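Data first, discussion second: the structure below is written as structure tokens.
What you are looking at is a predicted structure, and each value in this text was computed from that prediction instead of being measured. In the text below, chain A, chain B and the rest are named by the order of the sequence lines, each starting its count at 1.
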Number of protein chains: 2
Amino acid sequence: MKISTRGRYATRAMLDLALHYGKTPILLKDISTRQAISLRYLEQIISPLVAAKIVVSTRGPRGGVMLARPPRKIKLSEVIQVLEGPISPVECVENPGICTRASSCVARDVWTDLARAMYGVLESTTLQDLAERQEKKRAGRELQYNI
Amino acid sequence: MKISTRGRYATRAMLDLALHYGKTPILLKDISTRQAISLRYLEQIISPLVAAKIVVSTRGPRGGVMLARPPRKIKLSEVIQVLEGPISPVECVENPGICTRASSCVARDVWTDLARAMYGVLESTTLQDLAERQEKKRAGRELQYNI
DNA sequence: ACAATGTCTATAATAATAGTAGACATATAA
DNA sequence: TTATATGTCTACTATTATTATAGACATTGT
């Protein structure tokens, strides 16, 4: 029951963009370096986010990518759904038609509970939350070094 | 972020056993038929559950498999963990050592939140809960037919 | 003894994942 | 207006995971 690298890399890339929000466009190359993700693979991950209008991009010199909205307006659930598809552990949760047993299936009820729990966490976490946690950690680390 | 057929089939098989708890051993063949799972594949799914002592088996004529404990003492989290491994969306949650960034990674914190939410649902659901829900559904359907 | 069970190990087909690569489109600045 | 710095699109490939199927074996009741 793992999330793939696409969802994970997307999350890291979006956090990177959130930490640079409000400035000039960010180069994919720089995200690639900072997050240790191959540029070519990163492109494929950013692309659907652009299509979903969560990220905007500009080409050419001085181009790059930026968040389309403020970090507090972007929920992690959106990002994950774009890269991973529906947030549910089993397809029959969102699409009962694929299984004739769906209506009487108790297992499906549990998978639905599980889906809701997962969704709840991702829905209540924004990029801003991530950026703030990051900032807090960084500050914590600096304090440590100064002791 | 899907659960595989192994975890899903295991859940259905265990529910099947829960519904027959307290009786004679149940044939894998019968579970296979009722749950529409190939016998050969079902064997591979039950086997680790036997190894984990959640299921006991007896060979030979009149043999079969049974729950090792009453349904209310078996949590779904146990079953899933046996078939799917740790309940977490990313390996670094349970094993931080695999990633050098783990200690400073904010994404990992979210994956940890997610893991906890998932675990919570599966930990609080027992086979007895499943069996009861099933029974309730069955009764509901019969009532419908009698109207 | 034999038939009815579960067990173990190997193999294979298919699909998903995780990338790599090349050609292309667009925008800026000299 | 041309060179260059960007992002975009599509195709391909290697590896791994999933989802089984199959054969030989072990055990036990009658």
Using a cutoff of under 3.5 Å, can you pull out all pairs of nitrogen or oxygen atoms linking the protein to nucleotides 10-15 of chain C, with atom names and distances?
none

Mark up nucleotides 23-30 of chain D, 5' to 3', with B wherever a protein heavy atom is under 4.0 angstrom from a base atom, S wherever such an atom reaches only the sugar-phosphate, and - elsewhere.
BB-BBBB-

Mind listing the residues from residues 6-19 of chain A sitting with a heavy atom below 4.0 Å of DNA chain D? Number order is fine.
none

Partner set under side-chain contact (heavy atoms from CB on, under 4.5 Å) for A/Tyr119, not counting sequence neighbours:
A/Ser77, A/Gln81, A/Ile87, A/Glu123

All side-chain contact (heavy atoms from CB on, under 4.5 Å) counterparts of A/Pro96, not counting sequence neighbours:
A/Ala102, A/Arg108

Paired stems touching DNA chain D, three or more consecutive Watson-Crick or G-U pairs with both distances under 3.5 Å?
C:1-30 with D:1-30

Could you pull out all donor-acceptor pairs under 3.5 Å where a side-chain atom in residues 30-40 of chain A meets a protein atom, sequence neighbours excluded?
residue : atom : partner : partner atom : Å
A/Ser32 : OG   : A/Ile37 : O            : 2.7
A/Ser32 : OG   : A/Leu39 : N            : 3.4
A/Thr33 : OG1  : A/Lys29 : O            : 2.9
A/Arg34 : NE   : A/Asp16 : OD1          : 3.3
A/Arg34 : NE   : A/Asp16 : OD2          : 2.9
A/Arg34 : NH2  : A/Asp16 : OD1          : 2.8
A/Gln35 : OE1  : A/Arg12 : NE           : 3.1
A/Gln35 : NE2  : A/Asp16 : OD2          : 2.9
A/Ser38 : OG   : A/Tyr41 : N            : 3.1

I'd like to check the side chain to side chain donor-acceptor pair (under 3.5 Å) partners of A/Arg133; sequence neighbours left out, ordered by chain and number.
B/Asp113

Residues passing the side chain to side chain donor-acceptor pair (under 3.5 Å) test with B/Glu84, sequence neighbours excluded, are B/Ser4

By side-chain contact (heavy atoms from CB on, under 4.5 Å), A/Pro61 pairs with (sequence neighbours left out) none

Holding to side-chain contact (heavy atoms from CB on, under 4.5 Å), I want the full list of residues that pass it with A/Pro71, two or more places apart in sequence or in another chain.
A/Ala18, A/Tyr21, A/Leu67, A/Leu127, A/Gln128

Restricting to pairs with a member in residues 70-99 of chain B, which pass ring pair (Phe, Tyr, Trp, His ring centres under 6.0 Å), not counting sequence neighbours?
none

